[in-house]
Each structure stands twice: as structure tokens, then as C-alpha cells.
Chemist: 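Provided herewith is a single structure, encoded as C-alpha cells, for subsequent inquiry.
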Protein chains: 2
Amino acid sequence: MLDGCDFLKEMDKESSNSFLSLFKEENWSKNTCILNHEKLNYKFHIILSGRVKMYQVDPFTGKELTLFLLIKGDVFDIFCLLDEQEHTVYYECLDDVTVLSTPMPKLRSWLKNNPKNYKILLPYAGKQLRMLENSVSDMTFTNISTRLLKLLIRNVNANSRDLELIDDLPNKEIANLLGSTRAVINRHLQKLKKKGSIRLSRNRMEIKDLGILIHLLECQKKIMNEK
Amino acid sequence: MLDGCDFLKEMDKESSNSFLSLFKEENWSKNTCILNHEKLNYKFHIILSGRVKMYQVDPFTGKELTLFLLIKGDVFDIFCLLDEQEHTVYYECLDDVTVLSTPMPKLRSWLKNNPKNYKILLPYAGKQLRMLENSVSDMTFTNISTRLLKLLIRNVNANSRDLELIDDLPNKEIANLLGSTRAVINRHLQKLKKKGSIRLSRNRMEIKDLGILIHLLECQKKIMNEK
DNA sequence: ATACTGTTTCTACTTAAGTAGCACATATTA
DNA sequence: TAATATGTGCTACTTAAGTAGAAACAGTAT
């Protein structure tokens, strides 16, 4: 059930048993939102199935930015767990979701009593740090069409060659993932479609020719290089 | 010497003594670069004095992005310490710098033997996460002139009312901090100068009227709100 | 079946930011 | 002191991305 959870793999058997006994399973239906950020300090969750987007909303324009698309094995809110500060961020279920939940104080006191397990947090925190760092550098170094190409390629399943995780999202959600707007994303998607690399329909994107996408990404790099 | 170091404040007396005995002092002169990222996995540093910028360089355009301006109490490389992965990032001393240094493996084994001290890493990791998250949302929600205003205001000393930390940087370095270019930053700085809010000279920025800066920031918000 | 909502596809327009280049000023050092 | 490098201030130009709005379409609910 929790195989492949980065969070647990460093833990020994007895620790992971006592750790898991802290939690109880919860089911949230699609589109459920966790809006109250104070509550993030009250509960801690591990995702068993389904997608949860972590996002921010600009209070002045209402524009949205999806910071992470959390899936099985991801946890939240790691920010609060690390430094016990409030975290102004929202969560929304993109599918029906199953999570393991526990009150934050319960988890904190368990960690205090089992201090060697503090270290299980470290690689996960590192992974998040690297993802954010990567977002920052992508946003300063590359334009939106390149970021879109990267997003698509990154989410192609190596075996099936199919687009995963983001294949059923509307243009608006893709835009939120890249920090752009629906109109701009659609403009770039239409170009990719015209080149025969993707297929588009309502709430559905499919890879038609991964080779073209990879080639286009290479070209972008070359263009930047020539400048 | 290490008063106000976030990194140590959670540690008990005996831990911090044995912790500090791992390190030895090093002095690096201004403009020293740490280019070899493999080495980041070999050594770990705590800054005692001077500024160190952590930055990335786009391999295709040569454009730079300063991710963090590290000062007294900051450490590096926390990314490597957390997840033991390589970290493609550069460091450069903006001043003569004094650090405490230790081999990474030595620190790792000390932590292994003193597992309760794993937790001292957590709030620092949280702080870095929040700073990066903040960069990402600033970059998607606000334009460069607003980000410049925020940068200036954030670095005004509350008591002296003077600009600190970034007051002696050339326009190019300010641009790197915001992920922009010298020409654009200078354009915005000239506007602020014309409004009488700052004074500019070679490698020097001074606050002339903080009130104007704060007012301009408020106006930016209002403009975004009306859209 | 109908109305309603969300999504896609397009066109036309606006604007902030990036780019290029140059004159001039200020440091550094040879 | 001359020569060189670095930083500033400014102009003119280009372009990617944001903005606005409308038509057509696809699902859902009544």
C-alpha cells in the first residue's frame, strides 16, 4: 500500500509500524478543497491514491499558481511540519483521494520520542527544495513554450509512452502549473498540434509523436544558444 | 560568534560543543568562487561573516540567477546534506568571508550518532523552502518593478532606515537577484530616482525616501486589483 | 429536448520585458 | 599617467506574453 513511498523507505520495521499506527485513513471526494491554512498546522497527511494540487492564489488578481501536483507517497504540509509556521497555500483534490491522516502534534511528539526518525524528513525536504529551485530557474531561463515542452516530456510514461498525470487537465490547469494563462498555453498547444506531435480534445491531451517534442526541445536550446 | 545562528539555537549545550568541534575556521577572500559542484558533497560550511551568493548559470545563454544571498548564520550546501545528491549550483564570495567548515561525511556520521540533532536541520530547511516558494510566486504574480520595490524595502534596516546587504551591488547583480537584466533594472531604478525615492551612484544605492517606495508598492497592488 | 456551464479555438490588440549599442563616468593597475 | 576594465545612463527596436472577446463545441443537469 505504501510501497514506493519515499517518506518511509529509510525507516526501520518497528519504527514504521509505530509510525503508521498514528494515522487513520480518510477519503476525500474529487474537488474537495482544504482552504483553511491554519488547519495545516493541525493535521498531517500522506497520500495513498489520487492527485492533490497545492496552489496559491494572488489576492489582487485572482491568478492561480500550482506549486506541486502531489500523488501517492507525497505528504502535506511538509512546510508546517518543518518549521511550525503558518503556510498560506491551498489544496484541492483533482480525483477521489485516499489519505492517511494524523494530528500534527501527535506526529511531532512521536518524532520527539523517536528522534532518529527525524532523518526520514530530510530527503523528502531535499526533493521539494530541488523542485522549487528548478521552477525558479526554469522561469528565469526559459520561455513558456519550452517549459510546456518540458512538462509534457517529463510526464510521458517511459514504458507505455503515454502522457500521464496531466493528460486529463483543462488548459487552465496546465497554465497554472507553468504560471501562465490559458490563452497563452492554448496558443502553444495549437502549434504543437499543427506539427503533429500531440492530439487534443476536451480535457484530454495525448502524445502522438514524442520524437517531435524532443526535437523541438532541442531546437529551443539551440536557438537560445545562438543568441 | 554564532549568536543568532538559526542553525544552532535549537541545540542543547553539550550537543553544540561537540558539533562545533567538528569544524575549523577558514578564510576566503572576496570574489572567491566555489565552482566544482561535486565538491559540495565533500564539505559543509557555516558562514561567520561576509556575503556568499548561491547562483545558477544557464548553460545556453550564460544568464545568471542568484538564488540566495547567504550571510552570517547561513549554511551550505543544505541541499546536499539533506538528500546526498549532487547540486548544480555555484557559490561566490561578495566580501572577504569567514566560515566554519567540516567534511560532509564527518557531519553525517556525527548526526547519525546524535540523531536527536537531525531536527536542527528542519527549521532551516523550512526557511529555505519558503524563500524559494516565495520567489516562484513573486515571479508569476508580480512584474519586475514591483519585485524591485519589494527587494529594496525588504533590505532597509528598521532602525537606521538605511539600505543594507544589497546597497553596494552593481545593477547587474540586482538583476540577477530578480532574474532580469541590467538594462531593465536600470530603467526601473531611474524612474525611482526621478521620483526622489533613491539616490544612485557607482556601486551604491541609498534610500532617500522610504515612504515613497512603500507608497509605490501600494499603488502597484491597486493597479493589479483594478485589472 | 433544453438550458447551462465549462472548454476550446481564434483573432486582434497592448504592454512589459528583453536586446543591442554607445557615450560617458569611475575605478583599477601597469 | 596612460591604459584598461567595469559600471551607468540612455535610445531605439523587437518580441513574447498578457488581455479581451466571441464563436463553436461538449458535457451535465433539469
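All values reported here derive from a predicted model rather than from experimental measurement. Atom set for the values below is all heavy atoms of this structure, side chains included, hydrogens, waters and symmetry mates excluded. Each chain gets a letter, A, B and so on, in the order the sequences are listed, and its residues count up from 1.
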Chemist: The helix from C/dA1-D/dT30 to C/dA30-D/dT1: angle between its terminal axes, five pairs each, to 10°?
Modeler: 40°
Chemist: What contact category does A/Leu200 fall into here, base, sugar-phosphate, or nothing, at under 4.0 angstrom with non-hydrogen atoms?
Modeler: sugar-phosphate
Chemist: To the side chain of A/Val184, which of D/dT19, C/dT8, C/dG18 is closest?
Modeler: D/dT19
Chemist: Judged by atom type as modelled, is there a donor-acceptor pair below 3.5 Å linking the side chain of B/Asn134 to the main-chain atoms of B/Arg130?
Modeler: no
Chemist: Rounded to whole Å, please give me the gap between NZ in B/Lys191 and P in C/dT15.
Modeler: 13 Å
Chemist: Taking the inter-plane angle between the rings of B/Phe76 and B/Tyr91 on a 0 to 90° scale, is it parallel (under 30°), tilted (30 to 60°) or perpendicular (over 60°)?
Modeler: parallel
Chemist: Look only at the side chain of B/Arg147 and the backbone of B/Leu178, and say whether a donor-acceptor pair between them is shorter than 3.5 Å.
Modeler: yes
Chemist: Look at the side chain of B/Asn143 and decide which nucleotide, out of C/dT19, C/dA16, C/dC10, has an atom nearest to it.
Modeler: C/dA16
Chemist: Could you check how far CE of A/Met139 sits from C1' of C/dG18, rounded to whole Å?
Modeler: 17 Å
Chemist: Quick check for you: among D/dC10, C/dT8, C/dT19, whose closest atom lies nearest to any side-chain atom of B/Thr181?
Modeler: C/dT19
Chemist: Under 4.0 Å, heavy atom to any atom of DNA chain D: which of residues 163-173 of chain B qualify?
Modeler: B/Pro170, B/Asn171
Chemist: Please confirm whether the shortest side-chain N or O distance from A/Ser145 to OP1 or OP2 of D/dA16 is below 4.0 Å.
Modeler: no
Chemist: Can you confirm if the NZ or CZ of A/Lys127 lies within 45° of the ring axis of A/Tyr124 and under 6.0 Å from the centre of its six-membered ring?
Modeler: no
Chemist: To the nearest 0.5 Å, what is the distance between CG on B/Leu48 and CG on B/Asp74?
Modeler: 11.5 Å
Chemist: For B/Gln220 and C/dT15, what is the distance between atoms CD and P respectively, to the nearest whole Å?
Modeler: 15 Å
Chemist: Are B/Ser180 and C/dG18 close enough that a side-chain N or O sits under 4.0 Å from OP1 or OP2?
Modeler: yes
Chemist: Look at A/Lys193 and C/dT8 and indicate whether a side-chain polar atom (N or O) is within less than 4.0 Å of OP1 or OP2.
Modeler: no
Chemist: Answer yes or no: is there a donor N or O on one side and an acceptor on the other, between the side chain of B/Ser137 and the main chain of B/Glu133, under 3.5 Å?
Modeler: yes
Chemist: Are any of the side-chain nitrogens in A/Glu64 or A/Lys172 under 4.0 Å away from the carboxylate oxygens of its partner?
Modeler: no
Chemist: For A/Arg161 and A/Asp209, indicate whether the former's side chain and the latter's backbone hold a donor-acceptor pair under 3.5 Å.
Modeler: no
Chemist: When you check the phosphate oxygens OP1 and OP2 of D/dC10, does a side-chain N or O of B/Gln190 lie under 4.0 Å from one of them?
Modeler: yes
Chemist: Mind calculating the distance between CG (A/Leu178) and C1' (D/dA17) to the nearest angstrom?
Modeler: 13 Å
Chemist: When the distance from NE2 of B/His188 to C1' of C/dG18 is rounded to whole Å, what number comes out?
Modeler: 11 Å
Chemist: Just how far, in rounded Å, is P of C/dT7 from CG of A/Asn203?
Modeler: 6 Å
Chemist: When you get a sec, tell me which of C/dA12, D/dA12, C/dC10 is the closest nucleotide to the side chain of A/Arg187?
Modeler: C/dA12
Chemist: Treating A/Thr146 as the side-chain partner and A/Thr142 as the backbone partner, does any N or O pair qualify as donor plus acceptor under 3.5 Å?
Modeler: no
Chemist: Ignoring hydrogens and angles, tell me if any N or O in the side chain of B/Ser160 forms a donor-acceptor pair with the backbone of B/Asp162 under 3.5 Å.
Modeler: yes
Chemist: For the pair A/Arg51 and A/Asp95, find out whether any cationic side-chain nitrogen is under 4.0 Å from an anionic carboxylate oxygen.
Modeler: yes
Chemist: Using a 3.5 Å distance criterion without hydrogens, assess whether the side chain of B/Asp96 forms a donor-acceptor pair with backbone atoms of B/Lys30.
Modeler: yes
Chemist: Assign A/Asn186 to base, sugar-phosphate, or nothing according to its heavy-atom contacts below 4.0 angstrom with the strands shown.
Modeler: base
Chemist: Expressed as a whole number of angstroms, how long is the span from B/Ile185:CD1 to D/dC10:C1'?
Modeler: 16 Å
Chemist: Using a cut-off of 4.0 Å between protein heavy atoms and nucleotide atoms, how would you tag nucleotides 21-30 of chain D 5' to 3' with B, S and -?
Modeler: -----BS---
Chemist: Assess whether a salt bridge exists between B/Lys193 and B/Glu206, defined as any Lys/Arg side-chain N lying under 4.0 Å from an Asp/Glu carboxylate O.
Modeler: no
Chemist: Take atom CE of A/Met205 and atom C1' of C/dT9, then tell me their distance rounded to the nearest Å.
Modeler: 16 Å
